[in-house]
Number of protein chains: 2
Amino acid sequence: MTDEPRWLDSAEEQTWITLVAMLFRLPAALDAQLQRDAGLSHFEYLILASLSEAPERTLRMSVLALLSEGSLPRLSQAVGRLEKRGWVRRTPDPTDGRYTLAILTDDGFDKIVATAPGHVAEVRRLVFDPMTKAQPKQLREIGARVLRAVDPNGPRPGTHPF
Amino acid sequence: MTDEPRWLDSAEEQTWITLVAMLFRLPAALDAQLQRDAGLSHFEYLILASLSEAPERTLRMSVLALLSEGSLPRLSQAVGRLEKRGWVRRTPDPTDGRYTLAILTDDGFDKIVATAPGHVAEVRRLVFDPMTKAQPKQLREIGARVLRAVDPNGPRPGTHPF
DNA sequence: ACGTTTCACTTCACCGTTTAAGTCAATCTA
DNA sequence: TAGATTGACTTAAACGGTGAAGTGAAACGT
């Protein structure tokens with residue numbers, strides 16, 4: 001900690017600056033597209049999308065929090081907003097009253113169906129179209145390594161929990 | 001927009017899930033380290049770091065906003081906080097009163113000098129150490145392409161403005 | 001069985017960010 | 001050179017997120 005740190009050489013610094021810029025700008029761009037075209041934040045979109053792919057379009061709040069990459073209080077508030085808009089409803093889990101089930105309504109499903117194509121198109125435009133054929137795999141492998149370092153015990157993303 | 005969208009195949013979906021997870025978790029991890037060890041947000045750190053590398057340790061607010069990847073109101077508030085802590089001061093640009101110059105104080109410089117090594121160590125631990133020798137270059141090239149798509153007219157990051 | 005603990009959320013208070021309006025200096029424009 | 005405009009911030013109000021305390025259901029311990 002107080003030892004001489006190994007500084008970043010100039011190539012590493014370029015990489016780092018580029019990555020930081022991406023960490024700031026890409027989420028902002030995704031939020032902007034979703035907000036503009038669907039009135040949703042990226043986080044809210046992930047909630048609806050996760051539910052739409054779950055069996056019965058239903059998930060426990062705690063599972064949904066993991067899938068949508070948010071804290072439980074944040075999720076609770078976001079689902080409250082989505083509930084007010086009629087896209088999600090909540091009921092206590094009948095098999096265990098401590099859990100709360102979040103359920104995508106039919107309107108919510110329609111909302112995702114209407115929203116997803118535009119969002120996927122934006123993801124293509126910003127991420128996949130600019131990459132060479134080889135780069136997606138490189139990015140996936142780099143991401144997996146970084147995520148392992150960030151949270152060694154975290155579930156490998158893409159390991160679907162159902 | 002209403003056309004059939006080209007959906008993501010399963011390899012692309014894996015890539016996308018991994019990238020989204022990285023976009024959420026890596027900034028959180030960086031913020032956590034800086035908050036814990038230095039009482040700074042990542043954004044505040046970028047402000048101090050940008051100033052420390054600028055000539056005279058001085059930058060116009062608008063330039064600083066670009067370098068630190070933040071909006072002008074956000075910057076204004078953040079600099080206000082850093083000013084209260086004695087690390088930055090502001091004065092109107094003597095050559096043109098419309099501009100405001102943000103200046104890193106000596107205490108602010110000491111703060112960065114004390115903070116940077118731990119932060120760089122964390123960046124190494126989370127990003128560079130887990131990568132193979134070839135991957136930083138791959139990441140830099142991917143990032144450059146994505147950033148170009150996000151903002152075609154944006155300055156290529158790493159193009160230092162002084 | 002009853003009290004305690006654990007657990008999954010929800011709520012609250014505080015704070016930071018965004019969006020929009022306000023300020024003020026410099027520059028056009030007539 | 002007065003008035004309008006542009007540009008660079010700053011301020012204010014509304015909103016969303018975080019961390020800590022609160023709630024209520026199930027499990028545990030005796």
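Chain letters run A, B, ... following the sequence lines, proteins first and then strands; every chain starts at 1. Everything quoted here is computed from the prediction, not taken from an experiment.
One can place OH of A:Tyr99 at 5 Å from P of C:dA8, the figure rounded to the nearest angstrom. The nearest whole Å value for the distance from the CG atom in B:Leu82 to the P atom in D:dT10 is 13 Å. The distance between atom CG of B:Leu75 and atom C1' of C:dT18, rounded to the nearest whole Å, is 14 Å. Rounded to an integer number of Å, the gap from A:Leu59 CG to C:dA8 P is 15 Å. Look at CG on B:Leu66: it is 14 Å from C1' on D:dC9, rounded to the nearest Å. A straight line from CZ of B:Arg90 to P of D:dA8 spans 17 Å, rounded to a whole angstrom. C:dC12 atom P lies 16 Å from atom CG of A:Leu72, rounded to whole Å. One interatomic measurement links the two molecules: CG of A:Asp31 to P of C:dT18, which rounds to 10 Å at whole-angstrom precision.
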- Task: With side-chain hydrogen bond (donor to acceptor under 3.5 Å, both in side chains) as the test, would you mind laying out the steps for A:Asp37 and A:Gln33 before giving the verdict?
- Result: CA-CA 6 Å; A:Asp37 297 345; A:Gln33 181 270 325; 3.1 Å; yes

- Task: Would you please test A:Ile112 and A:Trp87 for side-chain contact (heavy atoms from CB on, under 4.5 Å) and show each step?
- Result: CA-CA 9 Å; A:Ile112 273 282; A:Trp87 294 328; over 6 Å; no

- Kindly determine whether B:Val127 and B:Met131 satisfy side-chain contact (heavy atoms from CB on, under 4.5 Å), including the steps that lead there. CA-CA 7 Å; B:Val127 178; B:Met131 284 197 273; 3.5 Å; yes

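The main-chain N or O of A:Leu82 is never found under 3.5 Å from a side-chain atom of A:Glu44 such that the two would form a donor-acceptor pair.
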- Query: How does protein contact run along nucleotides 15-27 of chain D, one letter per nucleotide 5' to 3', with B for base contact, S for sugar-phosphate only, - for none, heavy atoms under 4.0 Å?
  - Reply: --BSBB----BSS

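With rounding to the nearest 0.5 Å, the separation of CD in B:Glu69 from CD1 in B:Ile47 is 12.0 Å.
For D:dC9, neither phosphate oxygen OP1 nor OP2 lies less than 4.0 angstrom from any side-chain nitrogen or oxygen of B:Arg60.
Residues forming a side-chain contact (heavy atoms from CB on, under 4.5 Å) with B:Ala32 (at least two apart in sequence, or on another chain): none.
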